[in-house]
K.L.:
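Let me begin by handing over the structure; questions about it come next.
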Amino acid sequence: MRIVIMGCGRVGAGLAADFSRDGNDVTILDTDPSAFRFLPDDFNGIRVVGNGIDVDVLRRIRLDKADAFVSATRGDNRNVMAAQIAKHIFGVKVIASRVFDPLREEMYRNMGLRTINPTRVQTTRLKRVIEATSDEEANEMVHEFMRQDGY
């Protein structure tokens, strides 16, 4: 699978590393070249300095040939704009965006984007940990979360 990831922070770099280790063709894009320091030494994908909402950059990396596009920067507006560009201009079939604002995340999901809201996910999990009846149950829950997340 050919995957393009916008944003090489901890989330984008971790995702790029996982997909790369699984044998996928990964391109990771960031406006800051120093962001690539988050990639592990065994990452064998392509690093591109550029903006994921710049259509010329996206043409240069052949986004139209990608199977999936992920926008994982810290900016909701940029993530969603890049996702819309990837979907509607380049025809990428699978689009996923990290959206921090829960209201925006729900709205964009209802518009057909695959979204995730870290605040909502963490809030739900922390509430379950706090409501656990014992430290043992809470720790088991955390281990189960980690297992589900592939850790």
K.L.:
Do I3 and F38 land in one hydrophobic cluster if side-chain heavy atoms of ILVMFWY residues count as linked below 4.5 Å?
P.N.:
no
K.L.:
Roughly how far, to the nearest 0.5 Å, is the CZ atom of F69 from the CD1 atom of I5?
P.N.:
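Reported to 0.5 Å precision, the distance equals 9.5 Å.
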K.L.:
Near M81 CE, under 6.0 Å, is it more than 12 heavy atoms from other residues, nucleotides or ligands?
P.N.:
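Not more than 12 within 6.0 Å, no.
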K.L.:
For atom CZ of R120, is the number of surrounding heavy atoms from other residues, nucleotides or ligands below 6.0 Å larger than 12?
P.N.:
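Atom CZ in R120 is crowded, with more than 12 foreign heavy atoms closer than 6.0 Å.
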K.L.:
Is it true that atom CZ of R128 has more than 12 heavy atoms of other residues, nucleotides or ligands lying nearer than 6.0 Å?
P.N.:
no
K.L.:
Is there a path of hydrophobic side-chain contacts, each under 4.5 Å between heavy atoms of I/L/V/M/F/W/Y residues, joining L63 to L113?
P.N.:
yes
K.L.:
Would you call R109-E106 a salt bridge at under 4.0 Å N-O?
P.N.:
no
K.L.:
Can you name the closest pair of heavy atoms from T115 and Y108 and give their distance?
P.N.:
CG2-CB, 4.0 Å
K.L.:
Using only atom types and a distance under 3.5 Å, with no angle test, would you say the side chain of D76 pairs donor to acceptor with the backbone of V99?
P.N.:
no
K.L.:
Please check if any side-chain donor atom of N117 sits under 3.5 Å from a side-chain acceptor atom of R104, or the reverse.
P.N.:
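No donor-acceptor contact under 3.5 Å links the two side chains.
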K.L.:
Just wondering, do R2 and T27 contact through their side chains at under 4.5 Å, heavy atoms?
P.N.:
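Answer yes - side chains close enough.
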K.L.:
State, with a plain yes or no, whether a side-chain heavy atom of L58 is found less than 4.5 Å away from one of L29.
P.N.:
yes
K.L.:
Say whether, by atom type as modelled, one donor and one acceptor occur between the side chain of R98 and the main chain of A72 under 3.5 angstrom.
P.N.:
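The answer is yes, because a donor-acceptor pair under 3.5 Å joins these two groups.
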K.L.:
Could you state whether F36 and V26 fall into the same hydrophobic cluster, counting links through intermediate Ile, Leu, Val, Met, Phe, Trp or Tyr residues with side-chain heavy atoms under 4.5 angstrom apart?
P.N.:
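Yes; tracing contacts between hydrophobic side chains, which count when under 4.5 Å, links both residues.
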K.L.:
Strictly distance-based, threshold 3.5 Å: is any side-chain N or O of N79 a donor or acceptor partner for the main-chain N or O of S97?
P.N.:
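Such a contact is absent between N79 side chain and S97 backbone.
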K.L.:
Return the minimal non-hydrogen interatomic distance between V4 and A66, and the atom names on each side.
P.N.:
CG2-CB, 4.0 Å
K.L.:
Under the side chain to side chain contact (heavy atoms under 4.5 Å, CB included) criterion, do R125 and V129 qualify, and how do the steps go?
P.N.:
CA-CA 6 Å; R125 286 182 168 185; V129 167; 5.6 Å; no
K.L.:
Is it true that a side-chain atom of D32 and a backbone atom of S34 form a donor plus acceptor pair closer than 3.5 Å?
P.N.:
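Side chain of D32 to backbone of S34: a pair is present.
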K.L.:
Starting from the C-alpha separation in whole Å, work towards a yes-or-no answer on side chain to side chain contact (heavy atoms under 4.5 Å, CB included) for F90 and K65.
P.N.:
CA-CA 8 Å; F90 290 91; K65 302 296 183 197; over 6 Å; no
K.L.:
Give the minimum heavy-atom separation between T73 and G7, together with the two atoms involved.
P.N.:
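Closest heavy-atom pair between T73 and G7: CG2-CA, 3.9 Å.
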K.L.:
Looking at every heavy atom in both G112 and K87, which two are closest together, and how far apart are they?
P.N.:
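Closest heavy-atom pair between G112 and K87: O-NZ, 3.3 Å.
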K.L.:
Measure across F100 and P118 and return the closest heavy-atom pair with its distance rounded to 0.1 Å.
P.N.:
CE2-CG, 4.0 Å
K.L.:
For residues 43-56, tabulate all N or O donor-acceptor pairs below 3.5 Å that involve a side-chain atom, not counting sequence neighbours.
P.N.:
residue : atom : partner : partner atom : Å
N44     : OD1  : S20     : OG           : 2.5
N51     : OD1  : I53     : N            : 3.0
N51     : OD1  : R78     : NH1          : 3.2
D54     : OD1  : D56     : N            : 2.9
D54     : OD1  : V57     : N            : 3.4

K.L.:
Report, as yes or no, whether the 6.0 Å neighbourhood of atom CD on Q148 holds more than 12 heavy atoms from other residues, nucleotides or ligands.
P.N.:
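Counting neighbours around CD of Q148, more than 12 heavy atoms of other residues, nucleotides or ligands fall under 6.0 Å, so yes.
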K.L.:
At what distance, to the nearest 0.5 angstrom, does CZ of R147 lie from CD of E140?
P.N.:
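Between atom CZ of R147 and atom CD of E140 there are 12.5 Å.
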K.L.:
Can you confirm whether more than 12 heavy atoms, excluding those of D135, are under 6.0 Å from its CG atom?
P.N.:
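For D135, atom CG is not crowded (no more than 12 foreign heavy atoms under 6.0 Å).
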K.L.:
When you group the ILVMFWY residues by side-chain heavy-atom contacts below 4.5 Å and let the links chain together, are I85 and M107 in the same group?
P.N.:
yes
K.L.:
Can you see which heavy atom on I95 is nearest to which on R114, and at what distance?
P.N.:
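So the two residues come closest at O-CB, 3.0 Å.
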K.L.:
Nearest 0.5 Å, please: how far is CG in D67 from CG in D25?
P.N.:
9.0 Å
K.L.:
Treat each ILVMFWY residue as a node, draw an edge where side-chain heavy atoms are under 4.5 Å apart, and state whether V94 and I116 are in one component.
P.N.:
no
